[in-house]
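Both backbone and side-chain heavy atoms feed into the values below; hydrogens, waters and symmetry mates do not. Here is the naming used below: chain letters follow the sequence lines, and residue numbers restart at 1 for every chain.
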There are 2 protein chains.
Amino acid sequence: MATMTAAQRREQARREYDAFIKGCPTNQLLDRLSDKWVSLVVSALASGPMRYSDLGRKIAGVSPKMLTQTLRALERDGILTRQVTPSVPVRVDYELTPLGHSLALLLMAVKDWAETHIEQVHEARERYDAANEEQAA
Amino acid sequence: MATMTAAQRREQARREYDAFIKGCPTNQLLDRLSDKWVSLVVSALASGPMRYSDLGRKIAGVSPKMLTQTLRALERDGILTRQVTPSVPVRVDYELTPLGHSLALLLMAVKDWAETHIEQVHEARERYDAANEEQAA
DNA sequence: CAGCATCCCAACTGATACTG
DNA sequence: CAGTATCAGTTGGGATGCTG
């Protein structure tokens, strides 16, 4: 295998880099936050525990599938706890752990940045788009 | 149209919520950060300007398509600037704007959180997985 | 009430080849 | 060197119907 095409070499590099990225804590976290529903669930629970259907109602538009999937992932990561009360009908409460609350704090920092700078971003976009429309014409 | 199925009602709610989310600065920002390559590009440029192919090399495994796509999006958002020098061959430099640098700072905050807490997350995962394997057995 | 299993479609990704 | 155009593969997410 002395001969390796450029494609093969690049693919290997990609694989190694993927492994590197997956091992990087920052990217693991960004992967989590990137999930459309994670930030919403964490924000919703920041003010206190909630039941499954309450979450479903507060986060309008989420399908049961995604809600469960998100909650399970966050439970696995130790961000929240799942408390089942075996009554009839069943009752399930979700609550943030201390780790979860600390994540909520980080989320606030992100929120602050976003609200402080979003205006600049929008202005930049308008400038960019305006400049581009001239090209099209 | 007095009769609306549950599915239709939910879909409408989803659409409205999508619109709401898209208008929310925090989610706009998270959408950007969530992009696999954005954080890498911003980090790479945090220490100084770079040329297109330098970025391609530093961020091993990125395809030209994704690199260009990422750079264009960030340029549009005012995160970085694109400087073309019409020599032969062409030379293009990318550099973070002040806004971009402030974003890099936020990225550092995320990184700090990740590195501080990733251990807890991993422990939580092991506990969760261990508890689950018992179920399987 | 809380959740799982299944199917399915759309969107994004990445490889490849070509251009100014 | 710095991209663009095109195409195929993979995945994510929603709809739906059913269970403890």
Check the distance between [N]'s [atom2] and [X]'s [atom1] and give it to me in whole angstrom.
X	N	atom1	atom2	value
Glu75(B)	dA2(D)	CD	P	15 Å
Leu55(A)	dC1(C)	CG	C1'	14 Å
Asp93(B)	dA2(D)	CG	P	8 Å

Handout entry: Asp54(A) and Arg57(A): CA distance, side-chain angles, deciding distance, salt bridge (Lys or Arg N to Asp or Glu O under 4.0 Å) verdict
Key = CA-CA 5 Å; Asp54(A) 288 336; Arg57(A) 235 166 289 120; 3.3 Å; yes

Exercise for the section: Enter the distance from Ile21(B):CD1 to Ser39(A):OG here, rounded to the nearest 0.5 Å. Expected result: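 Going from CD1 on Ile21(B) over to OG on Ser39(A), the span is 7.5 Å.
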
Practice task
Supply the atom-to-atom distance Gln120(B) CD to Thr97(A) OG1, rounded to the nearest 0.5 angstrom.
Solution key: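 Between atom CD of Gln120(B) and atom OG1 of Thr97(A) there are 8.0 Å.
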
Handout entry: Partner of Leu74(B) under side chain to side chain contact (heavy atoms under 4.5 Å, CB included), chosen from Leu80(B), Leu45(B), Asp35(B)
Key =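 Exactly one pass, corresponding to Leu80(B).
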
Exercise for the section: Could you verify whether a donor N or O on one side chain and an acceptor N or O on the other, from Ser102(A) and Trp113(B), lie under 3.5 Å apart? Expected result: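 The answer is yes; a qualifying pair exists.
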
Problem - Salt-bridge criterion met for Asp129(A) and Arg76(B) (N-O under 4.0 Å) - result: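 Judged by the 4.0 Å cut-off on N to carboxylate O distance, Asp129(A) and Arg76(B) do form a salt bridge.
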
Handout entry: Carboxylate-amine/guanidinium contact Asp93(B) Arg91(B), below 4.0 Å
Key =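 Here Asp93(B) pairs with Arg91(B) in a salt bridge, since their nearest N and O are under 4.0 Å apart.
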
Are OP1 or OP2 of [N] and a side-chain N or O of [X] less than 4.0 angstrom apart?
X	N	answer
Ser53(A)	dA2(C)	yes
Ser63(A)	dG14(D)	yes
Arg51(A)	dA2(C)	yes
Gln69(A)	dG12(D)	no

Practice task
Work out which heavy atom in Leu71(A) is nearest to a heavy atom in Leu55(A); give both atom names and the distance.
Solution key: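 Distance-wise, the nearest heavy atoms are CD2-CD1, 4.0 Å.
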
Handout entry: Nearest atoms (heavy-atom pairs only) where Met66(B) meets Thr70(B)
Key =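 Minimum heavy-atom contact is O-OG1, 2.7 Å.
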
Exercise for the section: Tell me which residues in residues 36-45 of chain B put a heavy atom below 4.0 Å from DNA chain D, sorted by number, or none. Expected result: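 Output list: empty, so none.
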
Show me the protein contacts with nucleotides 3-7 of chain D, counting only N or O atoms at under 3.5 Å.
| unit_1 | atom_1 | unit_2 | atom_2 | d |
| --- | --- | --- | --- | --- |
| dG3(D) | OP1 | Arg82(B) | NE | 3.2 |
| dG3(D) | OP1 | Arg82(B) | NH2 | 2.5 |
| dG3(D) | OP2 | Tyr94(B) | OH | 2.6 |
| dT4(D) | OP1 | Arg72(B) | NH2 | 3.1 |

Handout entry: Out of dT13(C), dC1(C), dC1(D), whichever nucleotide has its closest atom nearest the side chain of Asp35(B)
Key =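 Of the candidates, dT13(C) comes closest.
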
